[in-house]
Every structure is written in structure tokens, then in C-alpha cells.
J.: 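The structure under discussion is supplied below as C-alpha cells; questions concerning it will follow.
Labels below follow one simple rule: chain letters A, B, ... track the order of the sequence lines, proteins then strands, and each chain is numbered from 1. Keep in mind that what you see is a predicted model, and the values were worked out from it rather than measured. Just the heavy atoms: all of them, side chains too, but no hydrogens, waters or symmetry mates, feed the values below.
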Protein chains: 2
Amino acid sequence: MSILEKLRVKPLEWIEDKLDGPVFRWLDTRQLPWEEVYRETRDYRRVAQAIKTMEIRGAPAIGVAAAYGLALAAYYSEARSVDELLARLEEAYKVLASTRPTAYNLFWALNRVMSKAREAAKHKGVDGIVREVIEEAKKIHIEDVEANIKLGKIGAKLIEDGDTILTHCNAGALATAGYGTAEGVMRAAIEEGKRIKVIATETRPLLQGARLTVWELVKEGIEVRLITDNMVGYVMYKGLVDKVIVGADRITVDGYVANKIGTYTIAVLAYRHRIPFYVAAPTSTFDLSLEGDSIPIEEREADEVRTILGKLLITVPDVPVYNPAFDITPPELVTAIITERGIVTPPYTQSIRKLFKD
Amino acid sequence: MSILEKLRVKPLEWIEDKLDGPVFRWLDTRQLPWEEVYRETRDYRRVAQAIKTMEIRGAPAIGVAAAYGLALAAYYSEARSVDELLARLEEAYKVLASTRPTAYNLFWALNRVMSKAREAAKHKGVDGIVREVIEEAKKIHIEDVEANIKLGKIGAKLIEDGDTILTHCNAGALATAGYGTAEGVMRAAIEEGKRIKVIATETRPLLQGARLTVWELVKEGIEVRLITDNMVGYVMYKGLVDKVIVGADRITVDGYVANKIGTYTIAVLAYRHRIPFYVAAPTSTFDLSLEGDSIPIEEREADEVRTILGKLLITVPDVPVYNPAFDITPPELVTAIITERGIVTPPYTQSIRKLFKD
């Protein structure tokens with residue numbers, strides 16, 4: 001049984017035993033927790049749309065999905081020459097890369113598959129390149145799960161029996177290829193026999209905490225309590241939180257962390273209350289080309305704020321809003337970053353470079 | 001024209017020219033911004049229900065409504081003796097006082113009307129006491145508007161031309177007898193010719209910021225932008241906020257401020273970003289009998305968090321939640337408190353006592 005078959009939740013799947021050729025299948029996280037809807041396609045443009053509209057969300061999951069997008073583009077390109085195939089892949093790359101600007105794993109995965117294709121083009125024909133592209137996408141998928149599991153085990157050392165862990169948004173099975181980063185650490189701690197409780201923030205505007213994290217944790221029998229985003233200060237003030245663990249969408253070489261909007265607020269509060277603030281992310285989230293708070297922040301459409309998931313208008317129509325999808329937490333607020341290669345701590349300018357040299 | 005007739009929004013009204021006796025009328029703020037629904041009653045129990053279910057909300061508004069509740073109880077008591085009338089008023093007092101535990105103005109207003117009734121009972125008959133009770137409720141109403149206007153003028157001195165002010169929940173016309181405390185300061189600044197912009201937090205769970213503050217400010221042509229509660233850190237980090245002004249539900253003798261859940265989080269963030277954090281509240285909000293963070297905090301029903309206003313379930317049914325309606329901001333995070341008698345600053349142990357001695 002492969003590592004992918006062992007996953008309890010399969011948010012992303014590449015299915016090959018189909019008559020008309022392989023399909024990419026995903027759990028539409030926008031329908032959770034109301035319905036468990038799986039969608040599938042053979043068209044990379046549909047994958048791009050699923051990323052853009054956040055049917056697939058969470059930096060690692062976006063990376064894996066984008067890689068499979070290129071795999072679909074390759075398989076169904078109908079290219080008759082290597083050059084034509086590479087041109088089709090370039091087109092698909094552009095469409096997939098323009099979906100969301102912040103999550104680094106997207107670019108990391110796309111670039112990795114493209115490098116593989118270009119490398120293969122030096123000595124293989126169309127079919128050979130297509131096979132290599134598909135294999136690389138599958139490898140990225142499996143490696144993501146393996147990295148999560150490793151990262152979880154490493155991070156679990158930081159968790160003590162009886163801890164209450166606050167998390168934001170969803171950095172669980174539904175944000176990755178299936179195990180989770182922040183939630184991966186929780187899962188590993190539980191597998192080690194530690195008893196933990198979780199406080200999940202609802203995470204407006206798109207409510208990933210209320211919809212996804214709670215759904216995922218309840219499904220696995222992990223004790224969870226839901227709060228609104230503005231209750232973080234209160235639960236910390238009351239001494240109800242031992243640790244914070246969140247995921248990340250991009251981390252710079254000097255330890256600035258882009259993650260779901262609201263993360264910075266939680267980090268400031270954790271700092272004031274002397275609560276450890278941990279970021280859990282695979283090394284594919286690190287952008288070694290950027291430093292400081294220079295990470296591009298996606299601004300999404302205003303109706304995400306004016307409504308609840310497009311279902312209920314909660315304010316005056318057309319009122320101006322801010323809707324940054326992410327914020328940046330500076331390194332001085334981050335106690336440690338947990339990766340599959342080990343835990344890094346301040347000063348990050350040194351520890352992160354060391355992580356990538358080893 | 002009385003001061004009450006001049007108000008643009010009349011959230012609370014005592015109407016006497018009715019054939020079958022006076023009625024108390026209020027704007028049901030739960031229906032905003034979708035519908036402007038006014039309700040009326042002659043039954044004080046209905047007033048209690050309106051306070052409990054937050055058709056009427058905001059500490060000063062709750063105080064005024066409760067006073068009118070006693071006025072209804074007095075007028076419609078059918079008491080044949082002074083003792084019977086006082087007993088009926090005691091009953092009504094208990095019902096009205098048990099609606100919400102945190103807002104101090106509720107107890108302040110109820111006690112003020114009851115003192116008046118007991119005083120009147122020494123030398124007046126049933127009709128005389130009823131008249132006194134009604135007059136006292138009206139006085140509390142008018143004084144609240146006057147205090148707001150005074151407080152607004154005093155607070156406006158702290159506002160500079162061009163300021164962007166962040167506010168939380170609704171401390172406006174819909175939280176008071178009609179002018180507002182935090183929003184009163186904004187209105188007064190604008191009346192002085194200062195140009196201001198407002199950033200309003202949506203204020204989950206009941207979304208008073210998105211529903212009420214935005215509705216009120218848009219109606220008056222004041223420039224406002226809506227954010228989710230977890231964007232406060234981001235907008236401060238980006239330098240988009242010059243000042244914070246919020247209302248209060250209860251303030252202790254040493255300057256601890258109970259206000260809508262989320263206020264403490266905003267105060268911590270303002271402190272980190274060196275942004276002045278102002279509380280605007282009439283002196284009827286001060287509870288001189290309490291100190292430290294001993295203010296009772298109301299815990300409301302779980303479905304307020306699990307749903308959006310009972311209209312949309314956003315998580316797994318029955319997941320446990322925390323739902324404190326308020327939090328407490330310690331005095332070291334409060335730059336100043338604006339009242340109708342002047343502005344108090346730290347050390348509050350001295351300045352607040354002085355405010356009540358003058």
C-alpha cells in the first residue's frame with residue numbers, strides 16, 4: 001500500500017485507470033462542511049480555475065494540484081513535436097502560475113515540473129517527456145505527504161501532553177496532499193500518545209477554520225473548540241492557550257512568514273502573552289530569493305468580505321473593503337519554524353541558509 | 001424642537017399621544033442592514049426580551065430602554081396602592097436586570113429610576129409615582145443624548161484633520177439614545193470641519209460593525225471601509241490607522257474596560273504599533289464598585305458562533321465553542337477615556353476618582 005493510499009482524507013488524486021486517459025480528482029473544499037463533493041477534470045484550465053476559486057487551497061495543496069495541471073496539459077496536448085509540447089507546457093505554466101500570487105509552493109512545483117520537462121527534452125521524444133512530467137507531478141505529491149509526516153514527527157517534540165494548541169485557517173489534510181503541516185504536528189503528537197486540545201479560529205472571510213479545520217479534527221476525534229477571530233486575545237488572556245501552530249504560504253530567507261490574513265494579529269498576541277508561536281511548513285514553502293516583508297500579497301474580491309461565502313450579504317452593498325488574503329509575520333514574533341529537515345530558530349538569517357546547505 | 005427630535009436616527013422612542021396609553025418604540029437592530037423595522041410595546045417583558053435578544057444593544061441604549069421598561073411597568077401596573085406599585089416595579093426591575101450581565105448602564109439606569117420611585121413614594125400617591133418614574137426615564141434618555149453630544153465635542157479635540165479612525169462593533173446612534181459615543185466623537189470632528197475616514201471591523205459573531213456601523217456611517221456620508229476582525233493587525237502594520245476609538249460596556253474605578261469581544265485584541269495591536277487607543281463612554285458606564293478585571297462577562301449561546309446570525313451554519317453542528325460577548329482591556333493599553341465630563345488619562349486610579357468628585 002503506497003503512502004497515498006494510507007491517507008484518511010484524499011483531497012487530491014491522480015487517477016490513471018480510466019478508459020479515456022488519466023484524470024485529476026479533488027475534494028472541492030468550498031462545499032465543506034455541508035457536502036463532500038469530489039470533482040475531476042482532464043483540462044488543466046479547470047485545475048487553474050479550482051485553484052483561483054479556492055476549491056483547492058493551502059500552499060502545499062496548490063503546489064501539488066498545479067503540478068498535476070501540467071501533467072494533464074502534457075498528456076492531452078496532442079503535440080506532434082517536442083517543441084510543440086514544450087510550447088503547450090509553457091502556456092499551461094502561465095495559466096497555472098497566474099492563479100494566486102502569494103503561495104510559493106505553486107511556483108516551486110511548477111518550476112520543478114518544467115525543469116524536468118526541459119531536461120527530458122534534451123534526449124527524449126514527446127511520449128517520454130509526457131511520462132517524465134506525470135512522474136514528476138506524482139513525485140511532488142508523494143514527497144509532500146512524506147514531508148508532512150516527517151515534519152509532523154519533528155514538530156511533535158515541541159508539544160507536551162495536555163497542551164492546548166491554537167491554530168488559524170486550515171493547515172491540515174485539506175491544505176496539503178493529505179496529512180497536514182500544523183495539523184500534521186498535532187496528528188503526530190497524538191500518535192505519540194500525547195493528549196492535546198485544539199482551539200480553531202473561524203478565519204474570515206472564507207471560514208477555513210470553521211469549515212475545514214473543525215470538520216477535519218472532528219472527523220478524527222480530536223478535541224476542538226471553535227472561536228471567532230476576534231476571541232484570540234481573550235482566550236490567551238484567560239490562559240487557555242499553550243502553543244500556537246500555523247502553516248505558511250511563503251517564507252523568506254530571513255524568516256518573514258506570509259500566511260492567511262489574521263496570522264500576524266495572532267503572532268502579536270502570542271508574543272504579548274509569552275506563548276510559543278510555531279510555523280509548520282515544508283521546505284518547498286521557502287522562497288530564498290526574497291527577504292523582508294517583500295512577499296506579494298493577494299488582494300481578493302470585495303464581496304468575500306461583504307458576504308458570507310456569497311450566500312449572505314452582511315453589510316451595505318458596495319461599501320469599500322480591504323481584502324488581503326494574507327499578512328506577513330516578522331521573524332521576531334516567530335518562536336520556531338518546523339520543516340521536514342528540522343526545526344529552525346532565530347536568528348533565521350543563519351538558520352534558514354544552513355537548512356538549505358545541509 | 002427638543003434634542004430628541006433633532007436626531008437623524010431614532011433608535012429608541014417614548015410615544016405618549018396614543019389612545020390606549022404610551023408605548024415604547026425601538027428600531028430592531030437585528031434586522032439591519034436588510035430592513036428598517038420598528039417595534040413597539042406596552043409590556044416591559046417585551047422590552048426585556050428585546051434587550052436579551054439584542055434587538056436593542058449597546059450599553060447606553062440598553063440603559064435607556066430598561067428605564068422605559070420600568071416606565072411601562074409603572075403605567076400599566078393597575079396597582080391600587082403605593083406598596084403594590086413598588087412591588088410591581090421590583091418585579092419588573094428583576095426581569096429587566098437579568099437580561100444582560102455586563103453593561104453597567106443597565107443597572108445604573110434601573111437603580112436611578114427605582115430610587116426616584118422610592119423617593120416619590122414617601123410623599124406621593126400611585127399616579128404621582130407613575131408620573132415621576134416616566135419623567136425619570138425620559139430624563140435618562142435626554143441626558144444620554146446630551147452626554148453623547150458633549151462627549152463628542154470633547155473627544156473631537158483628539159482628532160486631527162485627515163485621520164483614519166478604526167472602530168469596533170457599534171458605538172454609534174444604534175448603541176445609544178441616538179448620537180453615539182465613539183461615533184459621536186467622529187460626528188463632532190466632522191461638524192468641526194475635519195475630514196476623517198473610518199475603518200470598521202465586522203465584529204463577529206453578531207456583525208454589529210458590518211451591519212450597524214457601516215449602515216449608519218454610509219447613511220451620513222462618512223467614508224468607511226469594512227474589514228474582517230482578523231485584518232486589524234494588517235491595516236495597522238501597513239500604517240493605515242491613525243487612531244482607535246471604541247465604546248465601553250463597563251469601566252472599573254481603576255480603568256479596566258469591558259467592551260465587545262475583540263476590543264482587547266485591537267488594544268494589544270494598537271499598543272504594539274503606537275496608535276492611540278481611545279475609549280468613549282458616558283459616566284453612566286463607570287462602575288465605581290469594581291476594580292481590576294472583575295467585571296462579569298456574559299457567555300452567549302454557542303449557535304451565535306456556529307452560525308451567521310442563525311441564517312447559515314458555517315461549521316460542524318454541535319462543535320464546542322467559546323462565546324464570550326465581551327473582553328476586558330487593562331488600563332495600561334488605554335491611552336485615554338473620553339467622557340461628557342472630560343478626558344481622563346493614566347494613572348486612572350486617580351483620574352477616574354477625580355472625575356466623579358468634581
J.: Once rounded to the nearest 0.5 Å, what's the spacing between atom CG of B:L312 and atom CG of A:L309?
T.: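 Rounded to the nearest 0.5 Å, the CG-CG separation comes out at 6.5 Å.
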J.: Using heavy-atom distances under 4.5 Å, tell me whether A:V224 contacts chain B through its side chain, its backbone, both, or neither.
T.: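 Both backbone and side chain of A:V224 come within 4.5 Å of chain B.
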J.: Test side chain to side chain donor-acceptor pair (under 3.5 Å) on A:D293 and B:Y237 and set out the steps.
T.: CA-CA 11 Å; A:D293 58 1; B:Y237 187 86; 3.0 Å; yes
J.: Do the non-hydrogen side-chain atoms of A:I261 and B:Y234 ever get within less than 4.5 Å of each other?
T.: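 Yes, side chains in contact.
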J.: Counting only heavy atoms not in B:K243 (residues, nucleotides, ligands), do more than 12 fall under 6.0 Å from its NZ?
T.: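 More than 12 within 6.0 Å, yes.
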J.: Would you find more than 12 non-hydrogen atoms of other residues, nucleotides or ligands less than 6.0 Å from A:Q31 atom CD?
T.: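 Counting other residues, nucleotides and ligands, CD of A:Q31 exceeds 12 neighbours.
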J.: Tell me whether the count of non-hydrogen atoms from other residues, nucleotides or ligands lying under 6.0 Å of CD in B:E223 goes above 12.
T.: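 Counting other residues, nucleotides and ligands, CD of B:E223 stays at 12 neighbours or fewer.
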J.: Please tell me if the side chains of A:V268 and B:V268 come closer than 4.5 Å, counting only heavy atoms from C-beta onward.
T.: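 A side-chain contact exists here, since the closest heavy-atom pair is under 4.5 Å.
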J.: Using a 4.5 angstrom heavy-atom cutoff, name the option from B:L269, B:I328, B:T213 with the most pairs to chain A.
T.: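 Between B:L269, B:I328, B:T213, the count favours B:L269.
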J.: At a 4.5 Å cut-off on heavy atoms, which part of B:P320 comes close to chain A: side chain, backbone, both, or neither?
T.: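 Both parts, backbone and side chain.
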J.: Sort B:V316 into side chain, backbone, both or neither according to what part of it lies under 4.5 angstrom from a heavy atom of chain A.
T.: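 Both parts, heavy atoms under 4.5 Å.
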J.: What are the two closest heavy atoms between B:G233 and A:T265, and how far apart are they?
T.: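 For B:G233 versus A:T265, the nearest heavy atoms are N-OG1, 3.0 Å.
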J.: Quick check: are there more than 12 heavy atoms from other residues, nucleotides or ligands sitting under 6.0 Å from NZ of A:K52?
T.: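 12 or below, so no.
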J.: For A:L313, is there any backbone N or O sitting under 3.5 Å from a side-chain donor or acceptor partner on B:W34?
T.: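 Answer holds: yes.
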J.: What option among B:F326, B:Y322, B:Y271 has the most heavy-atom pairs under 4.5 Å with chain A?
T.: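 Of the options given, most contacts go to B:Y322.
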J.: For chain A, which candidate among B:E304, B:H273, B:K238 shows the most heavy-atom pairs at distances under 4.5 Å?
T.: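 Ranked by contacts with chain A, first place is B:H273.
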J.: What part of B:I199 lies closer than 4.5 angstrom to a heavy atom of chain A: side chain, backbone, both or neither?
T.: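 Just the side chain, heavy atoms under 4.5 Å.
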J.: What part of B:R272 gets within 4.5 angstrom of chain A, counting heavy atoms only: side chain, backbone, both, or neither?
T.: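 For B:R272, the contact with chain A is made by the side chain alone.
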J.: Go through A:T201, A:V214, A:L207 and name the one with the most non-hydrogen pairs under 4.5 angstrom from chain B.
T.: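 Going by pairs under 4.5 Å, I would pick A:V214.
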J.: Does the side chain of B:V305 reach to within under 4.5 Å of the side chain of A:M231, using non-hydrogen atoms?
T.: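 Heavy-atom side-chain distance check passes, below 4.5 Å.
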J.: Checking heavy atoms, do the side chain of B:V218, its backbone, both or neither come under 4.5 Å from chain A?
T.: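 The side chain, not the backbone.
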J.: Are any side-chain N or O atoms of B:N230 and backbone N or O atoms of A:R204, one a donor and one an acceptor, separated by less than 3.5 Å?
T.: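 Looks like yes, one N/O pair under 3.5 Å.
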J.: Relative to chain A, which segment of B:I308 carries a heavy atom at a distance below 4.5 Å: side chain, backbone, both, or neither?
T.: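 The answer is both parts of B:I308.
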J.: Given heavy-atom pairs under 4.5 angstrom as the criterion, report whether the side chain, backbone, both or neither of B:L240 touches chain A.
T.: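 Only the side chain of B:L240 comes within 4.5 Å of chain A.
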J.: Mind checking the CG-CD1 spacing from A:L206 to B:I314? Nearest 0.5 Å is all I need.
T.: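 Rounded to the nearest 0.5 Å, the CG-CD1 separation comes to 11.5 Å.
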J.: When heavy-atom pairs shorter than 4.5 Å are enumerated against chain A, which of B:A210, B:P330, B:A302, B:G262 gives the highest number?
T.: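 Highest number of heavy-atom pairs under 4.5 Å: B:A210.
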